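A quick write-up on the structure given underneath.
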Amino acid sequence: MLRIRLYGRDRGDVQLGCDVLGALLRQAGLAACVEGGGPVDGHRVDAAVVLDPDLVAHVAAASLTHDAVVYVNAPAEPCGRALHAGRVLAADAAATAHRHGLGSRVATAMGGIFAGASGVLANGVIAAVAASHQGASDAHVAALVEGYGLGEAALEN
C-alpha cells in the first residue's frame, strides 16, 4: 500500500489535497493511505507532500521510507545542506494556484505535481478524475492539470 502524508497550515487545503490524491489513486486502481499532518499512525510514508515550504522541516526523516520523495511547493529546491535535500522535488504550485485564481489554495496543483512526478499515475487518470468531479471548479481542475505537467517536467529533469 502506498502511503502519502500532506503537510500544510490550512486544514481545508490539506483535506482537499488528501481528497484529490485519494481520488487519483483510487481511479488508477492503487491501494493508498493519504493523510494530513504529522505521523499519527507510526507508519513510514512513501511520499510527503508539503503545501507550505516553511513546513519542510516538520517532515521527520524517521517518518520516510528509504526511497521516499518529499514534494514541496517551492519555486526552487533547497540548498544541498537543507533537511531532506537529496529527496526533495520542488515545483511552484503557488504560482499555478495564483494563475487559476485559487489564491493560497495549492492542494490541487500539488496533487497534480505529485501525479506527474511520481510516475504512478498516467495523464488519463487526471482526465478521468476531472470528468467525474462535476462539483469541482474549473479553476481547481485547471490547476490539477497544469500541476501534472509541472510534475512530468520535474521528473524529466
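Computed from a predicted model, the values in this text were never measured in an experiment.
- Looking at V56 and V70, their side chains come closer than 4.5 Å, going by heavy atoms from C-beta outward.
- Between the side chain of R44 and the backbone N or O of A62, at least one donor-acceptor pair lies under 3.5 Å.
- Annotation: side chain of R5 is not in contact with side chain of V49 (no heavy-atom distance under 4.5 Å).
- Under the 4.5 Å side-chain criterion, counting only non-hydrogen atoms from C-beta, T108 is not in contact with H100.
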side-chain contact (heavy atoms from CB on, under 4.5 Å) for E35 and L6? Distances and angles first, verdict last. CA-CA 6 Å; E35 59 192 13; L6 277 78; over 6 Å; no

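- A single hydrophobic cluster is seen to contain both V69 and L24, as judged by linkage of ILVMFWY side chains at heavy-atom distances under 4.5 Å, directly or through other members.
- Nearest heavy-atom pair across A117 and Y71 is CB-CE2, 3.8 Å.
- Counting only distance, with no hydrogens or angles, the side chain of D52 and the backbone of R9 share no donor-acceptor pair below 3.5 Å.
- Side-chain contact between Q15 and D19 is present, with at least one heavy-atom pair separated by less than 4.5 Å.
- Considering only heavy atoms from C-beta on, V72 stays 4.5 Å or farther from L89 through its side chain.
- Contact between A97 and V106 at its shortest, heavy atoms only, is CB-CG1, 4.0 Å.
- Judged by distance alone, with hydrogens and angles left aside, the side-chain atoms of D13 form no donor-acceptor pair with the main-chain N or O of L51 at under 3.5 Å.
- Between A143 and L102, the shortest heavy-atom contact is CB-CD1, 3.7 Å.
- Here the side chains of F114 and I4 are in contact, with some heavy-atom distance below 4.5 Å.
- The distance from atom CG of L30 to atom CG of L21, rounded to the nearest 0.5 Å, is 11.5 Å.
- With hydrogens and angles disregarded, no donor-acceptor distance shorter than 3.5 Å links the side chain of D92 to the backbone of P75.
- The side-chain heavy atoms of V59 and V45, taken from C-beta on, include no pair separated by under 4.5 Å.
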Determine, step by step, whether L25 and V120 satisfy the side-chain contact (heavy atoms from CB on, under 4.5 Å) criterion, reporting the C-alpha distance in whole Å, the side-chain angles of both residues, the deciding distance to 0.1 Å, and the verdict. CA-CA 8 Å; L25 295 164; V120 299; 4.3 Å; yes

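- Between A68 and A47 the shortest heavy-atom distance is CB-N, 4.4 Å.
- With hydrogens and angles ignored, the 3.5 Å screen pairs no side-chain donor or acceptor of N73 with any backbone N or O of P53.
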Could you walk me through whether D46 and D67 pass the side-chain contact (heavy atoms from CB on, under 4.5 Å) check? CA-CA 7 Å; D46 303 298; D67 296 327; over 6 Å; no

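- Note that NE2 of H98 and OG of S104 are 7.0 Å apart. Values are rounded to the nearest 0.5 Å.
- Scanning all heavy atoms of the two residues, the minimum distance from L64 to R87 falls at CB-NH1, 3.1 Å.
- Atom CG of L16 sits about 5.5 Å away from atom NE2 of H140, to the nearest 0.5 Å.
- Scanning both residues, V14 and G36, for their nearest heavy atoms gives CG1-CA, 3.6 Å.
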